[in-house]
Structures are given as C-alpha cells and as structure tokens.
Engineer: 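Before anything else, here's the structure in question.
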2 protein chains.
Amino acid sequence: MATIKDVAKLAGVALSTASYALSGDSRVSSKTRSKVLEAARQLNYRKNGFAMDLKRSRTNTIALILTDLSGPYYSELIRSVQEVALTNGYDLIACSSMGGRDSTAVKFLREKRADGAIILAPNIRDEVLIETSGPQFPIVIMDRPLCSEYLVNVLVDGEQGGYTATRYLIENGHRQVAYISGSADSYDNHLRYQGYLRALAEAGLEEQSKWRLSGNFVREGGYNATKMMIMQGTLPSAVFYGNDEMAIGGLKAFEESGISVPNDVSVIGYDDIQLAEYVNPPLTTIRQPKSEAGSLAAHLLFQILSGESVKQSYMLTTEMMERASAGKSKVEN
Amino acid sequence: MATIKDVAKLAGVALSTASYALSGDSRVSSKTRSKVLEAARQLNYRKNGFAMDLKRSRTNTIALILTDLSGPYYSELIRSVQEVALTNGYDLIACSSMGGRDSTAVKFLREKRADGAIILAPNIRDEVLIETSGPQFPIVIMDRPLCSEYLVNVLVDGEQGGYTATRYLIENGHRQVAYISGSADSYDNHLRYQGYLRALAEAGLEEQSKWRLSGNFVREGGYNATKMMIMQGTLPSAVFYGNDEMAIGGLKAFEESGISVPNDVSVIGYDDIQLAEYVNPPLTTIRQPKSEAGSLAAHLLFQILSGESVKQSYMLTTEMMERASAGKSKVEN
DNA sequence: CTGAAAGCGCTAACAA
DNA sequence: TTGTTAGCGCTTTCAG
C-alpha cells in the first residue's frame with residue numbers, strides 16, 4: 001500500500017505539501033496540487049484512516065449501538081438518525097451489543113472509536129455508559145432514563161402510552177382487560193405496564209393475575225400467551241399487548257381458535273410497526289414518534305459536539321392509532 | 001485521557017513493560033503486572049483503539065455493508081454473519097452505502113477500516129469493490145456476480161427461484177401469470193424475471209406486457225401495481241410478485257377490491273420474510289437460504305483471512321414454501 | 001525479565 | 001507557497 005510519503009517522493013514535493021494538497025488546503029499552488037494528485041493516482045494511493053484518526057483524535061463518525069444488528073429494528077428511528085448524520089457530514093456506523101462485556105459495542109465505547117454514540121441497547125450496563133461518556137464523547141440514551149454530565153436522554157413516554165391504550169379500552173366499555181407483557185426486565189415493558197395499572201386503578205378496576213401473561217416481546221410469545229389464555233376457559237373482553245409483535249401473534253392465536261377480533265375480543269398493540277396496518281384486522285395500536293426521536297437524538301449529539309449546551313432529558317409522547325382490532329365491549333357492565 | 005505512558009510512570013516501570021503487562025504477555029512478573037494493572041485502574045486508563053490499529057494494521061473487525069441501515073433487513077442473514085464473527089473473535093460493524101461516492105461505506109472500504117467486508121449493497125459500484133479488495137482485505141459479495149482475485153461470490157440462484165415460482169403456478173393450471181417486478185436496475189429482479197420467462201416459454205406461454213408491472217420492491221409499489229391491474233379490467237389468474245413486500249401490498253389491494261385470494265387470483269411472493277406466514281391468506285413464496293448464505297459468507301471471509309484458499313463463487317438454491325395464497329386455477333384451459 | 005528506541009501513516013505548527 | 005519536524009499512543013524489536 002502506497003503511503004503519503006511515496007506520493008510526496010514521486011511528486012517531488014515535501015511530505016506536508018502532499019498532505020496539504022491531498023486534503024485540499026488552499027495554500028498549495030494548483031500546479032503543485034495537480035502534480036501530487038497525479039502521483040497519488042499513479043500509485044493508487046489511499047489515505048490510511050487510522051493514522052488520520054490517531055492524529056486528529058476525531059473520527060467524524062457517530063456510533064449507533066443496537067442490541068442486535070439483525071433487528072427487529074426501529075427502522076424509522078434509524079433512518080432519521082442516518083439522515084441527520086449525513087446532513088451534518090458525519091458517518092454513522094452501527095454495532096451490536098451482543099456478546100456481553102466484550103461486545104463490539106462496549107469495545108467501541110471504551111476505545112472511543114467514534115465521536116459520540118446513540119444507545120438503543122438495554123443490555124449495556126449503566127456504568128459502562130457513565131464511564132465512557134465525556135466531554136469528547138457525548139452519548140444519547142434512548143432506552144432508559146439515565147443522567148450524568150455527558151449523557152442526554154431522549155425517551156418516549158411509555159407510561160402515558162400504556163395508560164392511553166388501556167384507557168381507550170375502558171372507555172369502550174371493557175372492564176376485563178388483559179395485559180400481555182414483554183420481557184420482565186425491560187424498562188419499556190415496565191412503563192407500559194404502569195400505565196396500564198394506572199388506567200385500571202382510575203376506573204376502579206382491579207388487576208387480575210390470570211390476565212397478566214408474558215410474551216417476551218416476540219410474536220411467538222404473544223401467540224403462546226394468547227393460546228394459554230384461550231385454554232384457561234374465560235376470555236377477557238380486551239387485551240393490551242405490550243407490543244405489536246406480540247399482538248400479531250395473538251391475532252393469529254385467536255383466529256386459529258375461531259375467536260373473532262374485535263367482535264369477541266378487542267386487541268390493542270403498541271409501537272405501530274409497519275406491519276400493523278396490514279394484519280387482519282388492522283391493528284389498533286400506540287404509535288411512538290420514532291422518526292422524531294431519532295432525529296432529535298442525532299441533532300442533540302451534534303449540538304453537544306459543537307459545544308452548545310442542551311437539556312439533559314427529553315420526553316416525547318405517543319399517539320393512538322385507531323384501526324379495527326379494538327371495538328366496543330359487547331358484555332353488559 | 002490517560003495514556004499508557006502515564007500508567008507506566010505511575011507504576012514505575014518502562015513503557016514497554018506496561019504494554020506487555022496490559023496485554024497479558026507472559027514475560028512480566030506477576031508482581032509487576034499487578035502493579036501496572038493497579039496503576040491503570042487508578043488512572044482509569046483505556047487503550048486507544050486507533051493507535052493499536054495503526055500499529056498492528058489489523059482491526060479484528062469485519063464490515064457489513066448495507067444499502068440502508070434502516071432495513072428492510074435480511075435479518076436472518078445478518079444474524080448468522082454476526083454469530084460467525086463472534087465465534088471467530090471478530091467484531092462486526094455495519095455501515096450504510098447511502099450517500100453515493102462519499103458514503104460511509106465507500107470510505108470504509110477505501111480506508112480499510114476493517115479486515116474484510118461483506119457486501120449487500122447494490123449501489124456500490126463494481127470498480128470500488130475491485131479496487132479496494134486485496135490480499136489484506138478480502139470481500140465477499142452477495143448482491144451480484146463479480147469476480148476478481150480477492151473477491152468471493154456468495155449468491156442465491158434467483159433465476160431458479162423465479163422459475164420455480166412460475167412453474168408452480170403453471171402446474172396448477174394458471175396460464176395467465178403476471179409478474180410484478182422490483183427495481184428495474186436490480187440484479188435480483190432481473191434474475192427472478194428471467195426465471196419467470198423461462199418457465200413461461202417452457203410451457204409455451206407468451207409474456208403479456210399488460211401483465212408486467214413494476215412495484216419497486218416495496219409494499220406500496222405492490223399495492224399500486226395491483227390496483228392498476230385491477231383497474232385494467234381483466235385480471236390474470238395468478239400473479240408472481242418479485243418479493244414478499246410487494247405481494248403483501250398486492251394482497252391488501254385485492255382485499256380492498258373484494259377479490260379473493262386464492263379463489264379469484266393466486267398470489268406468490270419471493271423471499272419468505274417472517275411476515276409472510278402471518279398475512280391473510282398466508283403467503284406462498286420462495287424461501288432464500290439466508291442464514292446459510294450469511295454464515296457461508298462469514299466463514300469464507302475468515303478462511304481467506306487465515307490464508308486458506310477458497311472457491312471463487314458459491315451458488316445456493318431456493319426452496320418453495322407452499323402456503324395458502326396460491327391455488328389451482330379455476331378457469332378452463 | 002525490563003528498558004530504550006524505532007517507527008506505524010498522518011497532520012499541523014513552525015520555519016524558510 | 002513549500003519544507004522540516006515533532007509528535008498522536010501504541011507495539012515490538014533489540015540490548016541489557
């Protein structure tokens with residue numbers, strides 16, 4: 001691999017001149033510049049990214065840390081982050097936090113292989129985040145509330161969302177509302193569940209343990225939990241699934257058992273994934289402002305990077321998407 | 001940020017000793033080692049990744065280049081690549097090729113910020129791939145056939161898949177088979193279409209231009225193309241969609257128009273995305289061996305990296321997933 | 001076992 | 001405008 005030294009030699013100029021010419025500095029004469037460029041072309045010279053990073057101690061890259069590179073992605077969110085990064089002339093790379101303490105993600109953070117990071121990976125420990133963040137390495141956290149000097153929070157109000165969903169069901173006359181929960185250790189799940197409880201309490205309803213099943217946030221889990229509920233004999237009049245994936249699994253289980261949604265039971269999901277409007281019946285759900293959140297997160301990062309000061313925490317709210325899977329309760333109350 | 005120099009000074013040893021101790025070299029006494037480790041702890045020392053990369057000119061990372069970080073992902077494929085990378089003790093990072101010649105991906109390739117790459121990004125030009133690949137930087141290409149010394153191909157036989165799908169329809173009595181194509185410049189689309197044509201020709205059927213519409217590989221496109229077909233007045237007896245996304249859009253269009261699938265028209269997709277079995281009716285489709293392909297690609301990369309020689313090109317075959325969206329033709333032939 | 005010293009390839013202050 | 005030079009932080013000979 002040719003180095004800048006070779007280029008300088010071939011072009012017959014000094015190392016620094018070659019460097020300047022190559023990076024388009026205006027103080028080299030255009031004649032010299034073209035000589036250098038030509039030499040570079042001849043040698044098929046490519047600058048070594050690491051040497052540059054080392055020297056400048058800036059990478060012009062931000063990292064997006066995800067639990068699992070293979071999704072299920074918050075694709076809208078990622079898209080908006082990507083757009084903002086591109087607009088600001090930064091590169092965006094994604095890495096996974098799978099693999100525990102030796103994960104690529106943790107290494108990335110510790111070794112500061114980017115100028116900042118956006119975190120969407122609940123399995124990265126708080127301490128790692130607090131330790132690695134700093135004035136030269138701001139971090140935006142989107143998956144938990146966590147405050148520290150160089151950490152900024154961008155969250156979506158899940159408690160509010162859970163409340164809204166449950167409230168909607170109650171207002172439609174449902175008094176038996178099941179909750180199919182996501183992973184027990186998930187902060188998001190916790191929030192949605194709290195919202196559910198609040199709506200229940202407000203309506204003077206009691207939570208029934210038989211109507212709280214776990215689906216682990218996956219389709220299969222929602223399917224199994226629903227099957228189990230069906231086998232139990234009595235059905236609630238409505239079920240609030242902790243996310244759309246589970247709700248879709250639930251829809252399938254109901255269909256297989258000849259139970260009509262929303263005639264026999266109302267279903268509401270959470271997330272408004274793309275798929276939600278395509279399933280049968282189209283899924284009523286809670287939409288999270290994903291693009292807004294992603295774009296806000298990225299903007300914040302760049303603001304911090306450019307020395308502006310920002311609020312420590314931002315909370316966005318959800319929106320109800322009324323479709324066909326939830327209707328009025330048929331039972332007398 | 002503390003450097004290894006500071007650590008050495010605090011521990012009262014030479015720079016190199018600190019380096020050895022930190023990287024677990026066996027020639028430092030355990031007493032010295034713990035002294036160094038303690039100093040590092042006190043200073044909250046983190047090694048600088050770039051300096052290491054620069055010195056060793058190896059990153060222990062492979063790059064996965066995707067058209068768009070926000071998917072639609074080949075998540076199974078990515079998952080298997082991820083697993084193999086992890087097993088081999090390598091890090092995997094993903095980056096997007098959005099942004100043309102200045103995309104993060106192209107920069108990554110040119111500046112060799114990884115030890116090798118897997119490409120799933122048709123918008124990266126052949127020349128870039130050929131230029132950047134080399135003995136120290138093998139590339140596995142999964143989105144087009146492209147051969148060169150340090151390029152390896154892992155492809156799925158799309159022509160065969162297109163042929164199989166169409167053939168299946170024809171064997172079920174359909175003689176009017178429409179093809180909803182993906183992006184015109186997509187190599188995958190081209191292949192599937194060729195397979196479609198071959199099956200048609202073999203059955204003595206002619207392609208009809210009114211039954212070849214474009215849906216650009218997206219759901220919305222499939223929906224629109226189908227609407228257009230419906231508006232045309234006469235319907236084909238079956239339609240082969242270039243991918244599942246478009247097929248799902250098509251299903252929605254048929255449903256909205258009160259056209260029953262598969263009673264009035266048979267539908268077949270391509271890809272077998274997760275969603276395929278959840279839509280209504282469950283989608284008959286062509287499954288690509290994504291996990292196998294991903295895992296093969298990653299293995300190949302590591303084999304090349306460790307100096308073994310491999311074949312230049314691998315071709316995997318598809319599999320038919322019979323579900324409910326395609327049935328026997330109702331019309332007399 | 002330890003320490004001094006030579007770079008990896010590049011940028012940027014400084015000098016000419 | 002161009003050239004000289006001093007590192008960025010680390011690994012790794014090579015002598016002690």
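Just so we're clear, the structure is a prediction, and the values are computed from it rather than from any experiment. Residue numbers start from 1 in every chain, and the chains themselves are labelled A, B, ... in the order their sequence lines are given, proteins ahead of strands.
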Engineer: For B:N153 and B:S313, which I'm curious about, is there any donor-acceptor pair between the side chains at under 3.5 Å?
Structural biologist: no
Engineer: Rounded to whole angstrom units, what separation is found between the CG atom of A:L15 and the P atom of D:dC8?
Structural biologist: 17 Å
Engineer: Do any of residues 25-32 of chain A sit with a heavy atom less than 4.0 Å from DNA chain D, and if so which?
Structural biologist: A:R27, A:V28, A:S29, A:T32
Engineer: Using a 6.0 Å cut-off, check whether atom CD of A:Q136 has over 12 heavy atoms from anything other than its own residue.
Structural biologist: no
Engineer: May I have the step-by-step check of side chain to side chain contact (heavy atoms under 4.5 Å, CB included) for B:Y314 and B:V310, ending in yes or no?
Structural biologist: CA-CA 10 Å; B:Y314 296 78; B:V310 300; 3.6 Å; yes
Engineer: Return the value, rounded to whole Å, for the distance between atom OH of B:Y20 and atom P of C:dA4.
Structural biologist: 13 Å
Engineer: Under a 4.0 Å threshold between the charged nitrogen and the carboxylate oxygen, would B:D126 count as salt-bridged to B:R144?
Structural biologist: yes
Engineer: Between A:S96 and A:D68, do the side chains contain an N or O donor and an N or O acceptor separated by less than 3.5 Å?
Structural biologist: no
Engineer: Picking from D:dG3, D:dT11, C:dT11, which would you name as closest to the side chain of A:I4?
Structural biologist: C:dT11
Engineer: Charged N to carboxylate O below 4.0 Å: is that the case for B:R41 and B:E38?
Structural biologist: yes
Engineer: Just wondering, more than 12 heavy atoms not from B:Q42 lying within 6.0 Å of its CD?
Structural biologist: yes
Engineer: Figure out the CZ/P separation between A:R58 and C:dC10, and round it to whole Å.
Structural biologist: 18 Å
Engineer: In whole angstrom, give the distance that lies between atom NZ of A:K5 and atom P of D:dT4.
Structural biologist: 13 Å
Engineer: Indicate whether the side chain of A:S16 and that of A:S19 have a donor and an acceptor atom separated by less than 3.5 Å.
Structural biologist: no
Engineer: Once you apply a heavy-atom cut-off of 4.0 Å, does B:S19 come out as touching a base, just sugar-phosphate, or nothing?
Structural biologist: base
Engineer: Verify the contact: side-chain N or O of A:T17 to OP1 or OP2 of D:dG3, cut-off strictly under 4.0 Å; return yes or no.
Structural biologist: yes
Engineer: Tell me, which of residues 38-56 of chain A have any heavy atom that sits under 4.0 Å from an atom in DNA chain D?
Structural biologist: A:L54, A:K55
Engineer: Go through the side-chain N and O atoms of A:T59 and A:D53 and say whether any donor and acceptor fall under 3.5 Å apart.
Structural biologist: no
Engineer: Any N or O donor-acceptor pair under 3.5 Å from the base of C:dA4 to the side chain of B:S16?
Structural biologist: yes
Engineer: In whole angstrom, what separates A:E111's CD from D:dC10's P?
Structural biologist: 10 Å
Engineer: Can you measure A:L22 atom CG to D:dG3 atom P for me and round it to whole angstrom units?
Structural biologist: 14 Å
